[in-house]
Colleague: 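Can you read through this structure? Questions will come right after.
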Protein chains: 2
Amino acid sequence: MGARTYSIGEAAKESGVKVPTIRYYEDIGLLGRIARSDGNRRFYDRSDLSRLSFIRHARELGFEVDAIRTLLRLQDDPDQTCEAADAIAKARLDDVERRISSLKLLRSELKKMMHECAAGRISECRVIEILADSSHHHGRLVEP
Amino acid sequence: MGARTYSIGEAAKESGVKVPTIRYYEDIGLLGRIARSDGNRRFYDRSDLSRLSFIRHARELGFEVDAIRTLLRLQDDPDQTCEAADAIAKARLDDVERRISSLKLLRSELKKMMHECAAGRISECRVIEILADSSHHHGRLVEP
DNA sequence: GGTAACACCTCAAGTTGCTAGAGCTTCAAG
DNA sequence: CTTGAAGCTCTAGCAACTTGAGGTGTTACC
C-alpha cells in the first residue's frame with residue numbers, strides 16, 4: 001500500500017491554505033523539508049497535510065506565526081508537559097479579551113459621536129469636532 | 001505677540017504623535033507644507049498641532065489613513081454637509097461591531113480549549129489536539 | 001572659543017502575513 | 001504534437017509605521 005501523496009494544488013484544497021501561502025509557509029520554515037518530484041514539483045504526504053491544517057486552524061484563532069512555530073515544536077515532542085502550549089493559548093486569550101474591551105470602548109465613542117451628529121453642516125459636525133478636540137484623549141484604544 | 005512655534009520634538013510631546021511618525025505623516029501628505037528654519041528644521045504652529053491631534057485621535061479610534069485624509073478635507077471645508085463624515089464614522093462603527101462579534105467567538109473557542117486542558121503531557125493536550133483537529137474548522141474567525 | 005551632548009536631518013530598509021504578477025517549465029489530455 | 005492548466009522562481013506590493021546609518025545644527029558648559 002503506497003502512501004498517497006498530493007500536489008500543492010490538492011494540498012491547498014485539502015488543508016484550506018492557498019497555494020502561494022503554502023509555499024510561503026515553507027519559505028519561512030513552518031513546514032520543514034518538502035519532497036520534490038523529478039520535475040521539481042512539491043508533493044505532500046498526509047502528515048504534511050495535518051501540519052498545514054494545524055497552522056490554518058491556529059491562524060484562524062489569531063495565533064501569530066511565531067507562536068505557531070512554538071506550538072509546532074511542542075506538537076513534535078509529545079513527552080513535554082503542555083504548560084508551554086497552555087501559556088501560549090492563555091496569552092492569546094488575554095490578548096483577545098483586551099481587544100474586546102478596547103473595541104467596546106471604541107464602539108461607545110463612535111456611537112456617541114454619531115448620535116450627536118445632527119446631519120447639519122461640517123461647521124457644526126460632532127464627528128469632526130470630537131476628533132479635533134484634543135482634550136478628548138485616552139490611551140491606545142486600538143491595538144498595534 | 002508673535003505666534004509661538006514648536007520644534008518637531010515639542011510638537012511630538014504636545015500632540016502625542018512620535019517624531020518619526022510626524023515626519024511620515026508629512027511625507028504621505030496629511031499635513032500640508034510644514035515651515036522650515038534657516039537650519040532646515042521643521043517648525044510647527046498651533047494649527048499644525050491641532051491637525052496632528054486630530055490625526056492621532058482618529059487613528060486611536062481606528063480610522064485608516066485614507067479615511068482620515070477625507071475627514072481632514074471635510075474639516076477644511078466647513079460649508080459641506082456632514083453626511084460624508086457621518087458615513088465614514090458609520091462604516092467604522094460597523095467594522096468595530098463585526099470585530100467584536102468575531103472576537104467573542106474566538107474567545108469562547110479559546111476558553112473551551114483551555115478549560116479542557118488538564119495540564120498533562122503534550123500527547124494528551126487539548127490545545128494541541130484541537131488545533132490539529134481538521135474537522136474543527138469555521139470560516140475566518142479573525143479579520144484580515 | 002572649543003567641545004560634547006543632543007536634537008534634528010535624509011534616505012533606506014525592516015516589520016507582519018501574506019498576495020499578485022512576470023516569465024518560465026512541466027505535465028496530462030486529446 | 002499541441003494546447004492549456006498547473007507548477008516553478010523571484011520580485012514587488014500592501015498598511016502604517018519603526019529602526020538604523022550616517023551626517024548636520026544647536027545649545028550648554030568650561
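Residue numbers start from 1 in every chain, and the chains themselves are labelled A, B, ... in the order their sequence lines are given, proteins ahead of strands.
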Colleague: Considering just the side-chain nitrogens and oxygens of B/Ser7, establish if one lies under 4.0 Å of OP1 or OP2 belonging to C/dA7.
Modeller: no
Colleague: Which atom pairs, donor and acceptor, lie under 3.5 Å between side-chain atoms of residues 8-24 of chain B and protein residues at least two apart or in another chain?
Modeller:
unit_1	atom_1	unit_2	atom_2	d
B/Glu10	OE1	B/Ser7	N	2.8
B/Glu10	OE2	B/Arg4	NH2	3.4
B/Ser15	OG	B/Ala11	O	2.8
B/Ser15	OG	B/Val17	N	3.1

Colleague: Within this structure, what is the CG-CZ distance for the pair A/Leu103 and B/Arg98, rounded to the nearest 0.5 Å?
Modeller: 12.0 Å
Colleague: Starting from C1' on C/dC6, measure out to CD on B/Glu10 and report it in whole angstrom.
Modeller: 14 Å
Colleague: Nearest whole Å is fine: how far is C/dC8 P from B/Glu26 CD?
Modeller: 14 Å
Colleague: Are any side-chain N or O atoms of B/Arg92 and backbone N or O atoms of A/Leu110, one a donor and one an acceptor, separated by less than 3.5 Å?
Modeller: no
Colleague: Would you mind reading off the distance between A/Arg36 atom CZ and D/dA6 atom P, rounded to a whole angstrom?
Modeller: 19 Å
Colleague: State, to 0.1 Å, how close A/Glu60 and B/Leu106 come at their nearest heavy-atom pair, and which atoms those are.
Modeller: O-CD1, 3.7 Å
Colleague: Return a table of donor-acceptor pairs under 3.5 angstrom between the side chains of residues 25-35 of chain A and protein atoms on other chains or two or more places apart.
Modeller:
unit_1	atom_1	unit_2	atom_2	d
A/Glu26	OE1	A/Arg42	NE	2.7

Colleague: D/dG25 P sits how many Å from B/Arg42 CZ, rounded?
Modeller: 15 Å
Colleague: Find the distance B/Arg23:CZ to C/dA12:C1' and express it as a whole number of Å.
Modeller: 14 Å
Colleague: Quick one, give me the B/S/- string for nucleotides 11-17 of chain D, reading 5' to 3', where B means a protein heavy atom under 4.0 Å from the base and S means that only happens at the primed atoms, P, OP1 or OP2.
Modeller: -----BB
Colleague: Nearest 0.5 angstrom please: A/Arg69 CZ to A/Ile88 CD1, how far?
Modeller: 12.0 Å
Colleague: Start with the C-alpha distance between B/Ile68 and B/Leu72, add both sets of side-chain angles, then the distance that settles side chain to side chain contact (heavy atoms under 4.5 Å, CB included), and finish with yes or no.
Modeller: CA-CA 6 Å; B/Ile68 296 175; B/Leu72 285 167; 3.9 Å; yes
Colleague: Please report the interatomic distance CD1(B/Ile55) to CG(A/Leu131), rounded to the nearest 0.5 Å.
Modeller: 11.0 Å
Colleague: For the CG atom of B/Asp48 and the OH atom of B/Tyr6, what is their distance to the nearest 0.5 Å?
Modeller: 10.5 Å
Colleague: Could you state the CD1-P distance from A/Ile8 to D/dT9, rounded to the nearest angstrom?
Modeller: 9 Å
Colleague: Take the protein atom OH of B/Tyr44 and the nucleotide atom C1' of C/dC8, then report the distance between them rounded to whole Å.
Modeller: 10 Å
Colleague: Taking all heavy atoms of A/Phe54 and all of B/Ile128, pick out the closest pair and write down the distance.
Modeller: CE1-O, 3.7 Å
Colleague: Could you check how far CG of B/Asp27 sits from P of D/dT19, rounded to whole Å?
Modeller: 17 Å
Colleague: Report all interatomic pairs (protein N or O, nucleotide N or O of nucleotides 26-30 of chain C) with separations under 3.5 Å.
Modeller:
unit_1	atom_1	unit_2	atom_2	d
C/dT26	O2	A/Arg41	NH2	3.0
C/dC27	OP1	A/Gly39	N	3.4

Colleague: Go through the structure and list residues passing side chain to side chain donor-acceptor pair (under 3.5 Å) with B/Arg107, not counting sequence neighbours.
Modeller: A/Glu97
Colleague: Tell me the bend of the helix from C/dG1-D/dC30 to C/dG30-D/dC1 as the angle between end helix axes, each from five pairs, rounded to the nearest 10 degrees.
Modeller: 20°
